[in-house]
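The model shown is predicted, which means the values in this text are computed figures rather than measured ones. Reckoned from all heavy atoms, side chains included, excluding hydrogens, waters and symmetry mates.
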Amino acid sequence: MDHAEVLALHDRDLRERAQPNGPGTRVERTGRVVRRVADADGWNGILWTDLDESDADAAIAEQVAYFTGLGREFEWKLYGHDLPTDLGQRLTAAGFTPEPRETLMIGEIAELALDTELPDGISLLPATDRATVDLVADVHEKAFGTDSSRLRSSLLAQLAAAPDTVVAVVALAGDEPVSAARMELVPGTPFAGLWGGGTVESWRGRGIYRALVAHRIRIAADLGYRYVQVDASDQSRPILERLGLTPLTTTTPYVYKP
């Protein structure tokens, strides 16, 4: 895999030419900025920019004014190779709060090690309706300690309006949900994205997360996708590297709350 070539393809297909990925969402291009606009329960944020020292501050102010006018919190998704090089400092000065940095990892599916099996006693249940989506949301709350109401509503809406663009699954130990994850499929591109993978703390270290990664990638392969991409935390990065995914750059969410 040519790292520079794949990173450029990622930036073009998933950022610069991003598509709406759910009901009630739209992608807008204004000047040298691409942003995603959703309702209050969806993800609002900046996907791609082509800025330099001469126009970065004005672009930041414009986006703050726009989303503040909508009454929406939004995220500026800053990648390690974005310009200008001090864009993160400019965002902080404008009132954004940086969240933990993650690593963008991409793998060519044909080259990945996908022979991982589920641990004994663990079964997988596709999340396709309200009851199973509730299980995914419950695991998310326990694994990450955050409110999952936004995830619940957006996943239900996406499954209803565009079920071919998302795959969600929950791992069960008997009847107990212990891990969950989803995959976003981007039609017209070679990319599938892995999101929200998390395991309840008492069930970590048993290979469940790794098995869920492999399970979703096998589905992407069957659907004809060439690459899989993940924004990996420091905890998940070693597992993904053992499967064959490669770190290409970093990504840091900068959040602005009106």
Side-chain angles (χ1 to χ4, degrees), residues 1-22 24-39 42-108 165 184-195 225-232 245-258:
M1 185 177 76
D2 185 312
H3 296 182
E5 180 180 310
V6 173
L7 182 58
L9 187 64
H10 167 275
D11 284 353
R12 187 195 72 182
D13 285 356
L14 301 186
R15 301 181 64 202
E16 184 179 4
R17 300 180 185 176
Q19 306 168 22
N21 65 339
T25 68
R26 63 185 186 271
V27 173
E28 298 178 343
R29 290 162 178 81
T30 171
R32 299 162 75 180
V33 174
V34 175
R35 65 192 177 206
R36 182 179 186 268
V37 184
D39 59 24
W43 185 87
N44 290 270
I46 307 304
L47 297 167
W48 177 87
T49 61
D50 181 24
L51 304 174
D52 57 33
E53 292 85 351
S54 67
D55 59 3
D57 291 334
I60 292 170
E62 179 183 347
Q63 300 311 313
V64 168
Y66 176 80
F67 283 104
T68 298
L70 296 177
R72 306 273 168 79
E73 173 184 320
F74 76 105
E75 174 185 315
W76 193 299
K77 195 172 178 66
L78 179 65
Y79 289 79
H81 58 292
D82 287 346
L83 297 175
T85 56
D86 65 348
L87 185 53
Q89 298 173 30
R90 294 171 186 262
L91 290 169
T92 300
F96 288 76
T97 301
E99 295 189 344
R101 185 175 63 182
E102 296 182 316
T103 302
L104 173 66
M105 303 185 71
I106 295 180
E108 188 163 6
T165 65
E184 300 279 346
L185 304 167
V186 189
T189 80
F191 291 99
L194 305 185
W195 299 95
Y225 287 87
R226 182 175 179 182
Y227 300 105
V228 63
Q229 64 94 13
V230 188
D231 289 348
L245 279 79
T246 301
L248 296 186
T249 187
T250 60
T251 175
T252 305
Y254 281 78
V255 177
Y256 189 92
K257 298 184 178 182

Checklist entry - Ion pair present between Asp231 and Lys77, side-chain N to carboxylate O less than 4.0 angstrom? => result yes
Next on the checklist: Using a strict threshold of under 4.0 Å (side-chain N to carboxylate O), is an ion pair present between Asp82 and Arg15?
Outcome noted: yes
Spatial distance of atom [atom1] ([X]) from atom [atom2] ([Y]) [nearest 0.5 Å]:
{"X": "Ile46", "Y": "Leu91", "atom1": "CD1", "atom2": "CG", "value": "9.5 Å"}
{"X": "His10", "Y": "Thr249", "atom1": "NE2", "atom2": "OG1", "value": "9.5 Å"}
{"X": "Arg12", "Y": "Arg17", "atom1": "CZ", "atom2": "CZ", "value": "4.5 Å"}
{"X": "Leu104", "Y": "Tyr79", "atom1": "CG", "atom2": "OH", "value": "6.0 Å"}
{"X": "Trp43", "Y": "Phe74", "atom1": "CH2", "atom2": "CZ", "value": "10.0 Å"}

Item to check | side-chain contact (heavy atoms from CB on, under 4.5 Å) between Leu9 and Tyr227, intermediate numbers included | outcome: CA-CA 10 Å; Leu9 187 64; Tyr227 300 105; 4.0 Å; yes
Next on the checklist: Test side-chain hydrogen bond (donor to acceptor under 3.5 Å, both in side chains) on Glu102 and Thr252; report intermediate values, then the result.
Outcome noted: CA-CA 6 Å; Glu102 296 182 316; Thr252 305; over 6 Å; no
With a 4.5 Å cut-off on side-chain heavy atoms, are [Y] and [X] touching?
{"X": "Leu51", "Y": "Leu83", "answer": "no"}
{"X": "Gln229", "Y": "Leu14", "answer": "yes"}
{"X": "Glu16", "Y": "Leu47", "answer": "no"}
{"X": "Tyr256", "Y": "Thr68", "answer": "yes"}
{"X": "Ile106", "Y": "Phe191", "answer": "yes"}
{"X": "Phe67", "Y": "Lys257", "answer": "no"}
{"X": "Val186", "Y": "Asp13", "answer": "no"}
{"X": "Thr92", "Y": "Tyr254", "answer": "yes"}

For [Y], is there any backbone N or O sitting under 3.5 Å from a side-chain donor or acceptor partner on [X]?
{"X": "Asp86", "Y": "Gln89", "value": "no"}
{"X": "Asp55", "Y": "Asp52", "value": "yes"}
{"X": "Arg26", "Y": "Ala38", "value": "no"}
{"X": "Glu53", "Y": "Thr85", "value": "no"}

Checklist entry - Hey, mind stepping through Asn44 and Glu73 against side-chain contact (heavy atoms from CB on, under 4.5 Å) and telling me if it holds? => result CA-CA 7 Å; Asn44 290 270; Glu73 173 184 320; over 6 Å; no
Minimum-distance pair of heavy atoms, taken over all atoms of [X] and [Y]:
{"X": "Asp11", "Y": "Trp48", "result": "O-CD1, 4.2 Å"}
{"X": "Pro187", "Y": "Gln19", "result": "O-NE2, 3.0 Å"}
{"X": "Ala94", "Y": "Ile60", "result": "CB-CG2, 3.6 Å"}
{"X": "Leu87", "Y": "Ala56", "result": "CD1-CB, 4.4 Å"}
{"X": "Met105", "Y": "Ala232", "result": "SD-CB, 3.6 Å"}
{"X": "Pro247", "Y": "Thr103", "result": "CB-CG2, 3.5 Å"}

Next on the checklist: I'd like to know whether His81 forms a side-chain contact (heavy atoms from CB on, under 4.5 Å) with Leu7, so could you lay out the CA-CA distance, the side-chain angles of the two residues, the decisive distance to 0.1 Å, and finally the verdict.
Outcome noted: CA-CA 10 Å; His81 58 292; Leu7 182 58; 3.9 Å; yes
Checklist entry - Does Arg101 CZ have over 12 foreign heavy atoms under 6.0 Å away? => result no
Next on the checklist: Test side-chain contact (heavy atoms from CB on, under 4.5 Å) on Val37 and Thr25; report intermediate values, then the result.
Outcome noted: CA-CA 6 Å; Val37 184; Thr25 68; over 6 Å; no
Next on the checklist: As a test of understanding, state which of Gln63, Glu62, Arg35 forms a side-chain hydrogen bond (donor to acceptor under 3.5 Å, both in side chains) with Thr30.
Outcome noted: Glu62
